[in-house]
There are 2 protein chains.
Amino acid sequence: MEEQNKKILLVEDDPNFGTVLRDYLMMNDYDVVHAKNGMEGFEKFKKDDYDLCILDVMMPYKDGFTLAKEIREKNTDVPIVFLTAKAMKEDVLKGYKVGADDYLNKPFDSEVLLMKIKAIMQRKATETIADSKQFEFEIGRFHLNSKLRFLRFDDEEPVKLSPKENELLRLLALHENDLMPRELALTKIWRDDNYFTSRSMDVYIAKLRKYLKPDPKVEILNIHGEGFRLVVNS
Amino acid sequence: MEEQNKKILLVEDDPNFGTVLRDYLMMNDYDVVHAKNGMEGFEKFKKDDYDLCILDVMMPYKDGFTLAKEIREKNTDVPIVFLTAKAMKEDVLKGYKVGADDYLNKPFDSEVLLMKIKAIMQRKATETIADSKQFEFEIGRFHLNSKLRFLRFDDEEPVKLSPKENELLRLLALHENDLMPRELALTKIWRDDNYFTSRSMDVYIAKLRKYLKPDPKVEILNIHGEGFRLVVNS
DNA sequence: TTATCATTTAACCTTACATTAACAAAAATG
DNA sequence: CATTTTTGTTAATGTAAGGTTAAATGATAA
């Protein structure tokens, strides 16, 4: 069985450092795409699927955090590692908020980076639920296209979904007829599990119920204290 | 419904720092068990299940790495975070080798620690591999789905069960036709065995009997002073 | 900037749940 | 058989979770 190399998107504006890092990673059997700024980074990200993103925080035009947020909108799962020169606490916290998987202060040791990458890849490997890349669903008489973020009822004009609506419905669909734990949605979509995110989620459940009303066979049931269940009655 | 706090094993030999850290974590809604050295840490680890281990690296008798290796032998999944005073590269690499999930250099910012803990817990939450617990039972003409918390009689509309109803019936079903000791249910479900929890349990037995009435062959018998017995007559 | 859309927070209401009380009935005990 | 202990059952109470709508905040693009 041919083992496919892992693909890394490296976004680093310093040309010297970026090239050195790229070469070093490639020597260690990673496929690396090197973007020289945030804009380019996002373009490249959209064009391909990556196993990991390494983002410099300080970049002209578009900093690493902004880029991370954009990436997160497209893909909630891909691991992100930030590179930063200054070890500012605010930065670190900001990073975790956008869902960083790790954090490295420059200058860092390349072996350490390699270890971190390995650890992250391993983590992701265990998660491998078949859900990672399913984007289209039939839900009763509805069709959900989660990539283009729309929901269509029969042949009617599709309804556009907001990012949160979309992710939530997708997560429910992935667990169709089964329990979708509150905690799962909160950690995966909201990246934080507290009173307010929980209430926010309830608001989105209400929105989804409204969208799903046209088909009486489709409903979102609550399991008190546990989560929700998207059921399609036959 | 009482949300179960996450359990943290903190192994730190410095009594001042350890206590401060423990209190800080407890203030943030974690259940913390504080061990003062590696030996004690391993003892405590074996006695309970933890969601996270925070290990100081430099400790007398048994250092953090050795402890981590022992822990990994017992449990391949539990996240481990190391605390270390010196930012030695060798240490960091060694840490990752024994399967660390993260690394913190003392002195560190408590908010950063909290963020890291959150991030780690989130990762684990995603893994949600349905463990091999038994969740479905046939009880006479009833079907109990203990994961989705419903009880169905023949093909009729399922009845929703409350968490306590559900767990109690599940426990009875696991002991079908056999004695289910009062004490077992009280310690497992109510986590306390006293007059009031006992009366509460009786109330739930009454509720279950009502649910089970439709099938005359199914009944919950009392064994005076001992417990209950879910019997299915043929 | 304004206008627009997404998301969060607030407010208010309803439902779900667990506990406790109260009283009745069985079972055990001396 | 009288008394105590345990169990059966229903109802009342307090609290937490969820449902829903609207307003406030934030973010984005024209």
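First the proteins, then the strands, lettered A, B, ... as listed; each starts at 1. On a predicted model such as this, the values are computed, not experimentally measured, just so you know.
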List the protein contact pattern of nucleotides 21-30 of chain C with one symbol per nucleotide (5' to 3'): B for base contact, S for sugar-phosphate-only contact, - for none; contact means a heavy-atom distance under 4.0 Å.
SB----SS--
Atom CZ of A:R209 and atom P of D:dG18: how far apart are they, to the nearest Å?
11 Å
Quick one: B:N194 CG to C:dA18 C1', roughly how many Å, whole number?
14 Å
Atom OH of B:Y204 and atom P of C:dC17: how far apart are they, to the nearest Å?
8 Å
Send over the distance from A:R229 CZ to D:dG18 P, rounded to a whole Å.
16 Å
Establish, from distance only, whether the side-chain atoms of B:E12 and B:H34 form a donor-acceptor pair under 3.5 Å.
no
Separation of A:K160 atom NZ from D:dT28 atom P, in whole Å?
16 Å
Base, sugar-phosphate alone, or nothing: which one does B:K210 contact when heavy atoms must sit under 4.0 Å apart?
sugar-phosphate
Length of the NZ-P vector between A:K69 and C:dT7, whole Å
12 Å
Is the distance from OP1 or OP2 of C:dT7 to the nearest side-chain N or O of A:K207 less than 4.0 Å?
no
I need the CD1-P distance between A:I205 and D:dA17, as an integer number of Å.
16 Å
Short side-chain N/O contact to C:dT7 OP1/OP2 from A:S200, under 4.0 Å
no
Using a strict cut-off of less than 4.0 Å between a Lys/Arg side-chain nitrogen and an Asp/Glu carboxylate oxygen, indicate whether B:R182 and B:D193 qualify as a salt bridge.
no
Rounded to whole Å, CG of B:L208 lies from P of D:dT7 at a distance of 16 Å
Do B:L161 and B:Y211 have side chains that approach each other closer than 4.5 Å (heavy atoms only, starting at C-beta)?
yes
Report yes or no: is the cationic atom of B:R170 (NZ for Lys, CZ for Arg) closer than 6.0 Å to the six-membered ring centre of B:F137, at no more than 45° off its axis?
no
Should we count NZ of B:K210 as having more than 12 external heavy atoms under 6.0 Å?
no
Select base, sugar-phosphate, or nothing to describe what B:D202 touches, counting heavy atoms under 4.0 Å on all strands.
base
Residue B:N177 excluded, over 12 heavy atoms near CG under 6.0 Å
yes
Can you tell me if the side-chain N/O atoms of A:R149 get under 4.0 Å from OP1 or OP2 in C:dC5?
no
Within 45° of the ring axis of A:Y204 and under 6.0 Å from its six-membered ring centre, is that where the NZ or CZ of A:K164 lies?
no
Is the shortest side-chain N/O distance from A:W190 to OP1 or OP2 of C:dT7 below 4.0 Å?
no
OP1 or OP2 of C:dA18 under 4.0 Å from side-chain N/O of B:S162
yes
